[in-house]
2 protein chains.
Amino acid sequence: MADALRQFKSEIFQGLANPTRIAIVELLRDGEQSAGKLIEKLGIEQANASQHLAVLRAKQIVVSRKVGNQVYYSIRDHALIEVLDILRRYFYAQLSSTVNMLRKAAREEPKPRTGTPR
Amino acid sequence: MADALRQFKSEIFQGLANPTRIAIVELLRDGEQSAGKLIEKLGIEQANASQHLAVLRAKQIVVSRKVGNQVYYSIRDHALIEVLDILRRYFYAQLSSTVNMLRKAAREEPKPRTGTPR
DNA sequence: CCAGTATATTCGAATAATCGCATGTTTATC
DNA sequence: GATAAACATGCGATTATTCGAATATACTGG
């Protein structure tokens, strides 16, 4: 069972392991959107967006609802939004620790060597 | 900036998009472990484990600490554990909704058609 | 310095992900 | 039924992941 759970988790992660798909999920953050709107906001090829949406559907990350001509997408479970929020905080935490690291390194190395010395 | 953040998130997800690497992170959940212990518990090739550890290092998901002969790994930020916990709950939620879906389908289709009808 | 243990890296083959382009399918309108 | 709009799917090329096997590196004890 623990195996199936790991498999499941890794598939979710795989579903999100792409900047375009993350962008889609973030666009869906505040409610459903039609595929057309998503494509417009993403500024990518229609077919490409559709493929990414297919991946998100396959991993059960989003669900779709057809209304007449259009298909509306929404996030299946709010838990995933939580995950993105955690990572946002994590990102800024890492960022500031990296900045501090760089500052420290700068203090310790008096000659930063910009340009190409002979 | 939003772009860099998405890139960052997708790299974290990519780092976790593999059952073995999830297993590693879970083994590190309760504190640091040597590479050797991890390999032993995972039951995989040494080189393979080392490659996965390299991926986790590259994505900054784990940090390593060398003590004499051995290398101790630990999770860089507890936030990632939170993420895994959220997904565990998510998994069971999806599981039970899937089971309910199957039950419903079973009730609605009286002849489940096992075998190959002519 | 030599042998052994712990870990990392490199290489090659197999598989999977990504993209653009072309083509299908479904629905609405005339 | 013909045309157009909104999506989805299939295909081929390119690139990335994954794994095992072999090899390299770092440290320890003699």
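So that the names make sense, note that chain A is the first sequence line, chain B the second, and so on, each numbered from 1. This is a predicted model, so every value here is computed, not measured.
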State, to 0.1 Å, how close Gln60(B) and Arg76(B) come at their nearest heavy-atom pair, and which atoms those are. OE1-NH1, 3.1 Å
Decide, yes or no, whether a salt bridge links Glu26(B) with Arg29(B) under the criterion of side-chain N to carboxylate O below 4.0 Å. no
Rounded to whole Å, the CG-C1' distance (Asn18(A) to dA16(C)) equals 14 Å
Let me spell it out: for each of Ala17(A) and Gly68(A), pick the nucleotide of DNA chain C with the closest heavy atom. Which residue's pick is nearer the 5' end? Ala17(A)
Starting from C1' on dC7(D), measure out to CG on Leu56(A) and report it in whole angstrom. 15 Å
For nucleotides 6-12 of chain C, which of its nitrogen or oxygen atoms have a protein nitrogen or oxygen under 3.5 Å away, and what is each distance?
{"residue": "dT7(C)", "atom": "OP1", "partner": "Val71(B)", "partner atom": "N", "Å": "3.2"}
{"residue": "dT7(C)", "atom": "OP2", "partner": "Gly36(B)", "partner atom": "N", "Å": "2.8"}
{"residue": "dA8(C)", "atom": "OP1", "partner": "Tyr73(B)", "partner atom": "OH", "Å": "2.5"}
{"residue": "dA8(C)", "atom": "OP2", "partner": "Ser50(B)", "partner atom": "OG", "Å": "3.0"}
{"residue": "dA8(C)", "atom": "N7", "partner": "Gln46(B)", "partner atom": "NE2", "Å": "2.8"}
{"residue": "dA8(C)", "atom": "N6", "partner": "Gln46(B)", "partner atom": "OE1", "Å": "3.1"}
{"residue": "dT10(C)", "atom": "O4", "partner": "Gln51(B)", "partner atom": "NE2", "Å": "2.9"}

Winner on side-chain proximity to Glu45(B), out of dA21(D), dC19(C), dT18(C), is dA21(D)
Do Ile44(A) and Tyr73(A) sit in one hydrophobic cluster, given that two such residues count as connected whenever their side-chain heavy atoms are within less than 4.5 Å of each other, even indirectly? yes
Counting just side-chain N and O atoms, does His52(B) come under 4.0 Å of either OP1 or OP2 of dT17(D)? no
Side chains of Ile22(A) and Phe13(B) in contact at under 4.5 Å (non-hydrogen atoms): yes
Hydrophobic clustering (ILVMFWY, side-chain heavy atoms < 4.5 Å, transitive) - are Ile39(A) and Leu42(A) grouped together? no
Ile44(A) atom CD1 is separated from dC19(C) atom C1', nearest whole Å, by 10 Å
Among Val63(B), Leu84(B), Val25(B), Leu56(B), which residue satisfies the side-chain contact (heavy atoms from CB on, under 4.5 Å) criterion with Ile75(B)? Val25(B)
May I ask whether Leu27(A) and Val55(A) are part of the same hydrophobic cluster, defined by side-chain heavy atoms of I, L, V, M, F, W, Y residues being less than 4.5 angstrom apart, directly or through others? no
Residues of residues 19-27 of chain A with any non-hydrogen atom less than 4.0 angstrom from an atom of DNA chain C: list those, numerically ordered, please. Arg21(A)
Check ion pair Asp77(A)-Arg89(B) (N to O, under 4.0 angstrom): no
